[in-house]
2 protein chains.
Amino acid sequence: MDGPSLPGPSLPGPSDGAAPGRAARWLDADEQRAWRAYLSMQGRLAAALNRQLQLDSGLSLADYEVLVHLTDTPEARLRPYELQWALQWEQSRLSHHLTRMRRRGLVDREECSEDGRGAFIVLTEKGRQAITTAAPGHVGVVRRFFFDGLSREEVALLERLSTRILDRLDDTDATPEGDVG
Amino acid sequence: MDGPSLPGPSLPGPSDGAAPGRAARWLDADEQRAWRAYLSMQGRLAAALNRQLQLDSGLSLADYEVLVHLTDTPEARLRPYELQWALQWEQSRLSHHLTRMRRRGLVDREECSEDGRGAFIVLTEKGRQAITTAAPGHVGVVRRFFFDGLSREEVALLERLSTRILDRLDDTDATPEGDVG
DNA sequence: GCAACGTACATGACGCGTCATTTATTTCCA
DNA sequence: TGGAAATAAATGACGCGTCATGTACGTTGC
């Protein structure tokens, strides 16, 4: 059942406890198990979500997230940089993705009079129908694999842990190279 | 701070409590927050891990996982199907990935005398050096973003939750279409 | 011993994500 | 006002991941 040691592969040899020279010490057995479980869960859950969306409605999880943000907006239109802020995607990823979604007719572009560089991304009717179609099944899968297996308290804790990790990611994105604490 | 409602986008209108017709009910506010936090954390953590590995050693997280399994093996060689079993990847993903890793000299192929269809994937010296180089920094990042923010108990709980979700994924991979409970 | 079927693995096409670079516009300020 | 720097966004190249399909070998039943 137990997988191999992952992020601290048994490189220095199994029985020498020497910590890696440059960075942190290796992971101990508990940490290894936890990390592998998380990694595996994360990858497979994402794959399952993508597969369902793809089969059910031809959308990817990424499409879905873009469309959600658009539908959550009164005018159903956003500047790309607003979407980028909301999604925390790399700029070029967003740009590529919007190009593809536009090609498929899920969104459209409008000129931005206030800023000649920019544009508005507008939800099309096709886009709205796509996410309307996709949503029930998607929520179903999220429930089935994620929430149905977790108690209310566990969900709350998971949110706290996620937020804490996000904070660390935010911090260190800004911080140049040095240590954290 | 709070993102928009994700997997239950406000499609049916904010104030009508109607559940989606085909599948499960929408997520409530707590669930939405938790789900968005998890999704965002997951995506950004994976991106951070990949970025570090890429910059530090030219490996991707996927490369790293393959190499770990090989180094964890006495002979440093495995049949592709064994790797597939360990990684839980799709077969074609593994095949493509091994092709690319082979092209880069990280692994090599050997004939399999016992089974004419199969092959062995062998860790090369270059592959071993790559993961040896990459490991300390990788562990460092895993610690910095993941373990350093979590208590021992939280890590243990996260492992349990991950395992539980994995079980559900395993179950329903087998199960045809119907409901779970 | 051969046909049918299953297994191990590869491949082509195509969408996705990242990095590096480019273009157009706006803002800042001397 | 004019030039430098910042900002909004697009693009090309290239590796990754999935689906569908192909190929070669093994296994099983008759």
Side-chain angles (χ1 to χ4, degrees), chain A residues 42-66 77-121 173, chain B residues 42-66 78-121:
Chain A
Q42 176 273 34
R44 298 231 280 139
L45 180 58
L49 292 170
N50 266 305
R51 195 159 33 239
Q52 178 272 332
L53 272 175
Q54 189 63 47
L55 288 179
D56 233 57
S57 58
L59 297 179
S60 66
L61 186 52
D63 297 332
Y64 192 93
E65 297 193 55
V66 170
R77 59 181 221 166
L78 288 168
R79 299 286 300 273
Y81 77 88
E82 297 177 299
L83 271 170
Q84 191 190 345
W85 202 93
L87 295 165
Q88 291 285 305
W89 285 1
E90 300 214 353
Q91 182 266 320
S92 72
R93 172 185 180 184
L94 179 61
S95 186
H96 281 303
H97 204 90
L98 291 177
T99 299
R100 292 185 288 249
M101 290 182 73
R102 190 172 172 230
R103 196 185 307 143
R104 290 190 286 150
L106 298 170
V107 299
D108 204 355
R109 278 176 62 89
E110 276 180 13
E111 295 281 314
C112 177
S113 49
E114 318 147 32
D115 189 334
R117 300 164 296 183
F120 281 105
I121 300 300
D173 278 354
Chain B
Q42 176 272 31
R44 300 233 278 137
L45 180 58
L49 291 171
N50 267 305
R51 195 157 35 238
Q52 178 272 331
L53 272 175
Q54 188 64 45
L55 288 178
D56 236 56
S57 57
L59 297 179
S60 67
L61 187 51
D63 297 332
Y64 192 92
E65 298 193 55
V66 170
L78 288 168
R79 298 285 300 273
Y81 78 88
E82 297 177 297
L83 271 170
Q84 191 190 344
W85 202 93
L87 295 165
Q88 290 283 305
W89 285 0
E90 299 213 352
Q91 182 266 322
S92 72
R93 172 184 180 184
L94 179 61
S95 185
H96 280 303
H97 204 90
L98 291 177
T99 300
R100 292 185 289 250
M101 290 182 72
R102 190 171 174 230
R103 196 185 307 143
R104 291 189 286 150
L106 298 170
V107 299
D108 204 353
R109 279 176 62 90
E110 276 179 14
E111 294 281 314
C112 178
S113 49
E114 318 147 33
D115 189 333
R117 301 164 295 181
F120 281 104
I121 300 300

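Numbered from 1 within each chain, the chains take letters A, B, ... in sequence-line order.
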**Q.** Euclidean distance, atom CD of residue B:E90 to atom C1' of C:dA8 [Å, nearest integer]
**A.** 16 Å
Q.
Other residues, nucleotides and ligands only: do more than 12 of their heavy atoms fall within 6.0 Å of CD on A:E111?
A. no
Q | d(CG, A:N50; C1', D:dC19) in whole Å | A | 13 Å
Q | Atom-to-atom span, CG of B:L98 to P of C:dT11 - whole angstrom | A | 12 Å
Q) Relative to the 5' end of DNA chain C, which residue comes earlier, B:E82 or A:S60, by the nucleotide with the nearest heavy atom? A) B:E82
(Q) Classify B:D115 by what it touches in the nucleic acid, base, sugar-phosphate, or nothing, heavy-atom distance under 4.0 Å. (A) sugar-phosphate
Q: Tell me which nucleotide among C:dT11, C:dT18, D:dT11 gets nearest to the side chain of A:S95.
A: D:dT11
Q | Distance, rounded to the nearest Å, where A:M101 contributes CE and C:dG17 contributes P | A | 11 Å
Q.
To the closest 0.5 Å, what do you measure between CG (B:D115) and OH (B:Y81)?
A. 8.0 Å
Q.
Closer than 3.5 angstrom, by distance alone: can the side chain of A:R79 be matched with the main-chain N or O of A:I121 as a donor-acceptor pair?
A. no
(Q) Considering every strand and a 4.0 Å limit on heavy-atom distances, what is the contact class for A:Q91: base, sugar-phosphate, or nothing? (A) base
Q. Would one find a side-chain N or O of A:R93 under 4.0 angstrom from OP1 or OP2 of C:dC19?
A. no
Q.
Rounded to whole Å, how long is the line connecting atom CD of A:E111 with atom C1' of C:dT25?
A. 13 Å
Q: Select from A:T99 and B:H96 the residue whose nearest nucleotide in DNA chain D is closer to the 5' end of that strand.
A: A:T99
Q) In whole angstroms, how far is the C1' atom of D:dG17 from the CD atom of A:Q42? A) 14 Å
Q. For B:E110 and C:dA8, what is the distance between atoms CD and C1' respectively, to the nearest whole Å?
A. 17 Å
Q | Between CD on residue B:E114 and CZ on residue B:F120, distance to nearest 0.5 Å | A | 5.0 Å
Q: Using a heavy-atom cut-off of under 4.0 Å over every strand shown, decide if B:R102 touches base, sugar-phosphate, or nothing.
A: nothing
Q: Could you tell me the separation between the CG atom of A:L61 and the CZ atom of A:R51, rounded to the nearest 0.5 Å?
A: 13.0 Å
Q) Is the shortest side-chain N/O distance from A:R117 to OP1 or OP2 of C:dT27 below 4.0 Å? A) no
Q | Among D:dA9, D:dC19, D:dG26, the one nearest A:R109 by side-chain distance | A | D:dA9
Q.
I want to verify a distance call: between C:dT11, C:dC16, C:dA20, whose nearest atom is closest to the A:H97 side chain?
A. C:dC16
Q: Apply side chain to side chain contact (heavy atoms under 4.5 Å, CB included) to A:W89 and A:V66, showing your working.
A: CA-CA 11 Å; A:W89 285 1; A:V66 170; 3.8 Å; yes
Q: Please give the angle, rounded to 10 degrees, between the axes at the start and the end of the helix from C:dG1-D:dC30 to C:dA30-D:dT1, where five pairs define each axis.
A: 10°
Q. Which residue lies toward the 5' end of DNA chain C, A:R104 or B:L55, if each is placed at its nearest nucleotide?
A. A:R104
Q. Measuring from A:Q42:CD to B:Q42:CD, what's the distance to the nearest 0.5 Å?
A. 4.0 Å
Please tabulate, for side-chain N and O atoms in residues 92-102 of chain A, each donor-acceptor pair with protein atoms closer than 3.5 Å (sequence neighbours left out).
from	atom 1	to	atom 2	distance (Å)
A:H97	NE2	A:D63	OD1	2.6
A:T99	OG1	A:S95	O	2.9

**Q.** A:W89 CH2 - D:dA8 P separation (whole Å)
**A.** 18 Å
Q | Side chain of B:R100 - closest among D:dT11, D:dC16, D:dA8 | A | D:dC16
Q) Looking at the side chain of B:A62, which of D:dT18, C:dC9, D:dG17 is the nearest nucleotide? A) D:dG17
